[in-house]
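Below is one structure, written out as C-alpha cells; comments come after it.
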Amino acid sequence: MKRFRRHGTESQRDRLKQELFQFTKTVEHGFPHQPSALGYSSSLQLMAIGTRSGAIKLYGAPGVEFMGLHDENAAVTQVFFMPHQVELVTLLDDNSLHMWTLRSHKGLSELLEIGRFLLTGPPGAPPSVTRVTAVLTHSSGELLLLGTEGGHVFIVEVPGFRELEEMNISLDQITSCVPDDYIGRRNLEHVEALQENPVNSNQVAIGYGRGLMVIWDLDHRLAIRHIPATQQLESMWWKEDGSCILSSHSDGSYCCWTLRTGEEREEEEKTNVPYGHFPCKAISKIVQLPTAGGPPFLLFSGGMPRASYGDRHCITVIYSKTQVAFDFTSRIIDFFVTRDGPQHTGEPSALVVLVEEELVVIDLQTEGWPVIQTPYLVPLHSSAITCSHHVSAIPLKLWERIIAAGVVQNTQYSKKPWPITGGQNLAPDPPQRDLLLTGHEDGTVRFWDASGVCLYPLYKLSTAAVFNADADLNDNMSQGAEGEWPPFRKVGCFDPYSDDPRLGIQKIHLCKYSGYLTVAGTAGQILMLELNDEAAEQTVEAKIVDLLQGQEGFRWKGHTQLDVREEPVLFPPGFQPFTVVQCQPPAVVTALNLHSEWKLVAFGTSHGFSVYDYLQKNNVLVKCTLNPSDQLAMEGPLSRVKSIKKSLRQSFRRIRRSRVSLRKHHISNTNKVIQEANARLEAELAEMELAPVQRKIEARSSDDSFTGLVRTLYFADTFLSDSSHNTPSLWAGTNGGTVFAYILYIPPAEHRADEALTAQPAKEIQLMHRAPVVGIVVLDGHGAPLPEPLETAHDLARSPDLLGSHHVLVISEEQFKVFTLPKLSSKMKLKLTAVDGSRVRRAGLAWFGSNRTEDYGESGLVFLTNQGDVHVLSLPHIKMQIRYPCIRREDVSGIASCVFTKQGQGFYLMSPSEFERFSLSTRYLVEPRCLVEAPLPPVFSNQHQPKLEGASSALRYIAARRVMEHALLNDESKSLR
Amino acid sequence: INLSFTRSCSVFTVWSSLSSTHFKFGAEFRRFSLDRSKPGRFDEFYGLLQHVHRIPNVELLVAYADVHGDLLPINNDDNYLKAVKSANPLLRLFLQRKEEADYTTFGTDSLTRKKNTVLSAVLLRPDPNKKKPPVIISLPKDFRPVSSIIDVDILPETHRRVRLYKHGQEKPLGFYIRDGSSVRVTPQGLEKVPGIFISRLVPGGLAESTGLLAVNDEVLEVNGIEVVGKSLDQVTDMMIANSHNLIITVKPANQRNNVVRGGGVGGGAASGSSSDSGASYHGYLPHGAAATAGPTHIIQNFSVGELESDEDDEDVVIEVGGEAETIRRTPSNYSMPSLPRYEPHLNLRTATAANSGSAFSINANGNLRGSGGSSGSLTNTNASSTTPSPDRAKERRNLEEEGTVITL
C-alpha cells in the first residue's frame with residue numbers, strides 16, 4: 001500500500017512537519033497551587049504533595065519529580081507511602097482511596113495509578129460509618145487501617161484493597177471494654193488518629209475525637225489498654241522506643257502517657273500547655289524524635305495563645321533549652337522531619353514544612369537552625385508575578401557573573417545539602433544556559449535558571465531602592481526581640497503584600513551580550529541597569545520624558561510618579577541602575593525594547609512612545625499617539641473598567657472559594673452546612689447565568705478606547721527610505737492598528753558619544769481592520785528574521801542578507817501581513833480572526849530543528865491565541881503549520897503570562913505559583929527523566945513480626961516482582977542492543 | 001479556440017486606442033469566426049482577442065452590442081457565453097484599453113441613444129439627428145454597494161445569505177448575538193445542538209434597516225466559514241473582523257418569506273418573498289446578464305479571494321517627511337502621475353459636448369479623455385473615502401505636523 005502512495009510536495013511537507021514540530025507539556029515549575037496533603041517516605045527519600053485539584057506530585061533529589069492526577073476532581077486530603085515500598089495511598093475528599101506506584105519502564109520510572117477503593121459499610125448504615133478520617137499504613141506493607149467518622153476501624157489488605165472483615169474493630173468492641181465511668185459520660189466520636197507501636201507492629205493505638213485512646217492488639221483482636229484523656233484529641237505520637245504516647249489536644253495542651261506494664265490504668269504523666277495561662281489554640285500535630293545521647297527534639301504545630309497570636313501559623317521546635325516558634329506567612333498543611341543514617345533512623349536532620357504557599361526546610365543540625373534553600377518548589381509568587389521574559393543561550397561569562405551576584409545575596413541560607421535525595425536524575429545536561437526573568441509586583445526582578453527541570457533561583461534584583469518608597473525595605477524578616485514570648489522567628493519568603501503597587505515591573509529586556517538590562521514599571525518608570533561585580537554607591541540620574549507633547553485637553557487621573565532618591569544609594573553587586581527615565585504622565589509602560597549596539601532604549605505607554613539614548617542621556621524621539629476622542633486613555637489608569645456583572649460573579653466566586661478553604665475535611669456537620677451553602681450559591685449562580693449572554697456586533701471605530709496605546713516596539717537595520725541603503729530604524733505598533741516607522745541616524749562609533757542622534761518619521765501604516773499590532777518583524781532577503789542586536793558582532797548569527805529585498809511582517813491580533821520594503825505594499829497576509837474567530841495574544845520567533853537530521857532547521861513564528869491554542873507559522877510565507885490546544889480558554893491570566901523561547905519552548909502560569917513548560921520542538925525538550933529503585937525490604941526482628949496470614953507471601957511476592965522487573969529491564973536492554 | 005466555419009458566428013472587433021503609437025485615430029478592425037458550440041472560456045477568448053489585435057500586454061475592456069443595441073461588458077465566463085449566444089450571426093465587439101475606458105457608454109440603449117460616441121459611430125449606422133446629453137454612470141467598482149441577499153441559487157431555500165455592507169455609512173451594524181440551541185436532523189434522529197442566534201437588533205442600525213435579519217435567526221456561517229463548534233466570543237470576533245464586508249448565512253426564524261424556486265420565471269413568488277426585503281434591492285449588477293435572468297433577486301457571487309483583494313487596497317500607508325517625495329517618484333504608481341496630464345481635457349470635454357455631432361474622431365478623443373479625467377477624480381474620492389473618518393483625519397492633522405497624507 002505504502003509503495004503506491006503518491007509522495008507529492010504536500011506529503012513531503014507533512015513529513016517534515018512531523019520532524020520539526022511536536023507539542024508536549026513537559027514540566028511544571030514552581031509551587032503547586034493549593035496543596036492539601038503531604039507525605040514522606042524515609043526509605044525512598046521521596047516527598048509527596050497532594051493538591052486540592054486532585055494532583056499528586058512526588059519530589060526527590062533535584063530533578064527527580066513525578067506528577068499524577070486523579071480522575072476525580074476532588075482534593076487530596078491525605079497521602080501515605082507504603083512503608084518500604086514504591087507504592088503510595090491517597091485519600092480524597094470524596095472518600096475514595098487510590099493506590100499509586102512508581103513503575104519502571106525502559107529504565108525510567110513513571111507514576112501510575114494501580115487501584116482505587118471506596119469503603120462500603122453494611123447496608124442501610126449512614127455514610128458517616130464509612131467516612132474515612134484517619135489512615136494507617138501498616139509496617140507490614142500489606143495492611144491499611146482506616147478509621148472512620150463513625151468510630152470504626154476497617155482493615156483492608158493491599159494491594160488489591162480486600163476488606164478483612166473479621167479483623168475490623170467496631171466501636172461496639174471498644175465501648176464494651178471501656179471503663180464504665182468513662183463511657184458513661186461520653187460518646188467516643190470519630191477516629192482522629194491511628195498509630196502503630198514502633199517496636200511491636202501488632203499493637204496499634206486508636207485515638208478518638210473525644211480524647212480516649214485505645215491500644216489494640218491486632219493479633220488477638222482485643223484492647224490492651226485505655227488512655228482516658230478528657231480533652232478533644234488532635235494528634236498522637238508513639239515514641240520510638242514504644243515506652244510512651246504523646247497526645248495533643250484542642251486546648252493547646254499535650255500529654256505524655258507512659259505505658260507501664262502490669263498496671264490497670266495508665267497515668268497521665270503531665271499535661272503541658274506550652275503557651276499557657278490564657279486560652280490557646282489546638283496543637284494539631286506533635287512529633288518527638290530522640291537524639292543519640294542528648295535530649296529529644298519535640299516539634300508541634302499550633303498551640304498559640306488564642307487572643308494575642310491566634311492568627312499566627314507556627315511550628316514550635318524544642319530541643320534542650322532552645323525553643324523557637326517558626327512563624328510562617330501562610331497556613332501550615334503538614335510537616336515531617338528527615339533523619340540521618342543509612343536507614344534514615346538516626347539524628348533528626350531537617351524539618352520540612354509544607355505551608356499553603358511554599359515549602360520551608362529548616363536545618364536542625366546547624367547552630368541557629370537556618371533555612372535550607374529549596375532547589376525546587378520555589379514560590380514563584382512570593383510577590384505576584386507581573387511579567388516574564390526569557391533569554392536563551394546565555395554566554396558563560398554573564399551566567400557566572402549573575403550567579404556570583406546571587407551567591408552574595410544568599411548568605412543567610414544553610415550550607416547543608418538538600419536533605420531529600422531519593423531517585424536518580426537521568427536527564428542529560430541541558431544543552432545551553434537559559435534564563436527566565438520574572439517581574440514582580442513589589443518591584444523585584446528574579447532571575448531563574450530555566451535550563452533544566454528545576455527552575456532554580458539565581459539572583460534577585462530589587463528596584464525599590466532607587467525610589468523614595470513609603471515603606472522601608474524589610475527584605476530580611478524582622479527578627480524577634482530578645483526575650484519575646486512566644487519566641488517567634490519569621491521564616492519563608494511568601495509575602496503577597498506589596499507596599500506600593502507603582503513599583504510593579506511590567507516589562508523586562510535583557511541584552512545577554514552586553515549585560516545591559518532595562519526594566520519598566522507601573523508608574524511609567526524605565527530603569528537602565530548595568531551588571532557590576534562590585535558594590536557601588538551612586539546617584540541615579542532621573543530624566544523626565546513628556547509623552548503628551550503639548551496635547552491639549554488631557555487629564556491624568558491616575559497615580560503619581562515615583563520619586564527618585566536624590567542622594568547616592570549603595571547598590572550591592574549585580575545589576576545596578578544608572579539612569580531612570582520617567583514617562584509623563586506616569587502611565588504603565590506597555591512596550592519596551594533595548595538595542596545595546598546602538599545604545600538606545602525605546603519605550604511606550606498608552607500616550608506615546610520615545611527613544612532614549614542612554615549613552616548621551618538624552619531623548620532622540622518623542623511621539624504622542626494619543627487620540628483626543630479616547631476618553632479612557634485621556635483620564636486614567638487601565639484597570640478601572642469592569643462590568644458590574646463580571647465583578648458580581650467574581651465576588652460570588654470569591655465567597656465560594658473562601659468557604660471551601662474554611663472546610664475541614666472530617667467534620668461532618670460543618671461539612672454538610674457548607675455543602676448546602678455551596679449548593680445554594682451554585683443555584684444562585686446558575687440563575688444568574690440564565691440571562692443570556694449577548695455579544696454586540698459592531699465594526700471597530702476609530703474612537704475605540706486606547707487606540708494610541710503602544711503595543712510593540714522594534715529596532716531594525718533595514719531598507720526604509722530606499723532599496724539600496726539600509727538604515728537603522730524604529731518601528732512602533734499601537735492598539736489602534738497603526739504602525740509608525742522612523743529612520744534613526746546614529747553617528748559612527750568614533751563620534752557616537754558627542755554627535756547628535758536624530759530620528760526622522762518615514763512611514764505610517766494604518767491597518768484597515770484596526771486590530772492591535774502585537775508584533776513587528778523584519779525579514780531579510782532570505783526570508784529569515786533579522787538577528788538580535790550584537791548577535792552578529794559576537795559571531796553567533798549569520799549576518800542578515802542585505803542584498804535581497806527586505807519585508808516587514810506586521811502581526812496584529814487578527815491578521816499577519818507582510819509588506820515589502822521600502823515601498824510598504826502589501827504582499828501576503830493571513831487572516832486569523834476572520835476565519836476562526838481567535839485572536840493573537842502572544843507571538844514570538846523560534847527556530848525549529850529537525851529531529852532526523854542535525855543540519856536542517858527553519859525559523860517559525862509561534863503564537864498563542866485567546867482560545868489558548870498555540871500555532872506555528874512558517875516564515876516568510878506565513879503558512880499555518882500546526883495548531884495545538886495548550887491552555888484552557890477561560891484561563892485568561894495563563895494566556896496573558898505566556899512567553900516563548902527562541903527554541904520553540906514556552907512557559908505560562910498555570911496557577912499564580914506555577915509555570916507550565918511546554919515544547920513545540922522535537923529537538924529541544926526539557927522533561928524529567930528519573931528512576932526510583934524500590935528499597936530493599938527491611939529486616940524485621942522476629943519477635944515483632946506480625947503473625948498475619950499472607951504477610952510472608954506478600955514479601956515474597958514483592959521480591960519476586962522486583963526480580964521480574966529486573967528481568968524485563970535486562971531483556972529490553974538486550975533487545976535494544 | 002477552434003475556429004470552424006460551420007456552426008460559427010463571426011466576430012467583428014474594433015480596437016480603439018488613444019495612446020497607441022501606431023495610428024493616430026486609433027481604431028483597428030478585425031473579423032474572425034468562432035465556434036458557437038464550443039465558445040471556450042472568457043480568459044481564452046480574451047487571449048485570442050489580444051492575439052488577433054497583436055496587443056499581448058494591454059489590459060482590455062471588452063464590450064459587445066447585444067440585440068437591443070445595448071453596449072454590455074464581457075468580463076467573465078457568464079456574460080461571455082451570453083454574448084456568444086445572443087450573436088445572430090454577428091458578434092460586435094468593442095475593445096478599449098482598460099485605463100482609458102469609457103464606462104459611461106454602458107447600459108440600456110447606450111448605443112442607440114448616445115450617437116456621439118465612437119462606439120455608435122463604428123458599430124451602428126450614424127444617426128446625427130438625436131442629441132442627448134450622456135448620462136454619466138460611474139465605474140462599477142465605485143458603485144456604492146448596499147446590503148443584499150446573495151447566493152440564492154446555491155443555498156437551500158431555508159437559508160439566507162445576507163451581505164451587510166457598511167461602506168462609509170454612519171449607521172452602526174447594530175445587532176447582538178447569543179448562544180442557544182437548535183434542533184438538527186442527524187442519522188441518529190433529532191438532536192439538540194448548540195448554535196448562535198441573533199438576539200437583538202439595534203433600532204436604526206444597519207441590520208434592522210435592511211430588514212434582512214431578524215431576532216432569533218440562527219447564524220450558520222460568517223463569510224463562508226461555518227460557526228459550528230465555535231464559541232460565542234469566537235463568532236463575535238469573526239464578525240467584527242469581517243465587519244467592513246460582513247456576509248452571514250442565517251436560518252431565518254420566520255420561514256414564511258423564503259424564496260420559492262424552480263418554476264421558470266417565477267416572478268410572482270419571487271416578488272412576494274421580496275416584499276419585506278425590497279428596500280435593499282437597489283443592488284448593483286455585477287454583469288448585465290443577471291438582469292435578464294428569471295428571478296428579480298440580485299445574485300452576487302463573492303468569492304473569499306475577491307473580498308480579500310478589495311480589502312487589500314484599504315490599508316493606508318502614509319509617507320512622512322521631506323524624503324517622502326523621492327520615494328513617490330519611484331515607478332511604483334502608474335495612475336497617479338498621469339493625473340495632471342488629463343486636466344486640460346476636462347475643459348475640452350465640456351466644450352466638445354456642446355457641439356456634438358461633429359466628426360466622430362474628435363468626439364471620441366474628447367470623450368475618452370474626459371473619462372480619463374473623471375476616473376482621476378474618482379481616485380480622489382477614493383482617497384477621501386479610505387481616510388477613516390473626518391474627525392480622525394482632522395485629529396491626525398492636529399497631532400502631526402510632519403507632512404501630507406497620500407494614499408496609495
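Letters A, B, ... are given to chains in the order of the sequence lines, protein chains preceding strands, and every chain is numbered from 1.
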Region of B:I225 that comes under 4.5 Å of a non-hydrogen atom in chain A: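 Just the side chain, heavy atoms under 4.5 Å.
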
Does A:E698 use its side chain to pair, donor to acceptor, with the backbone of B:L173 at less than 3.5 Å? yes

What's the shortest heavy-atom distance between A:A834 and B:A241, and which atoms?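 Smallest heavy-atom distance, with atoms named: N-CB, 3.8 Å.
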
Provide the closest heavy-atom pair for A:V835 versus B:K230 in the form atom of the first, atom of the second, distance. O-CE, 4.0 Å

Can you measure from [atom1] ([X]) to [atom2] ([Y]) and round to the nearest 0.5 angstrom?
X	Y	atom1	atom2	result
B:I318	A:K763	CD1	NZ	11.5 Å
A:Q694	B:T236	CD	OG1	10.5 Å
B:M238	A:I697	CE	CD1	10.5 Å

Does any backbone or side-chain atom of [X] lie under 4.5 Å from a heavy atom of chain B? Answer side chain, backbone, both or neither.
X	answer
A:E814	side chain
A:R839	side chain
A:Q549	neither

Min side-chain heavy-atom separation B:D233-A:N866 under 4.5 Å: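 B:D233 does not reach A:N866 side chain to side chain.
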
Below 4.5 Å, heavy atoms only, C-beta onward: do B:D237 and A:E813 meet side chain to side chain?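 Not in contact.
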
Any idea which of A:D836, A:I765, A:L832 has the most non-hydrogen atom pairs under 4.5 angstrom with chain B?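 Most heavy-atom pairs under 4.5 Å with chain B: A:D836.
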
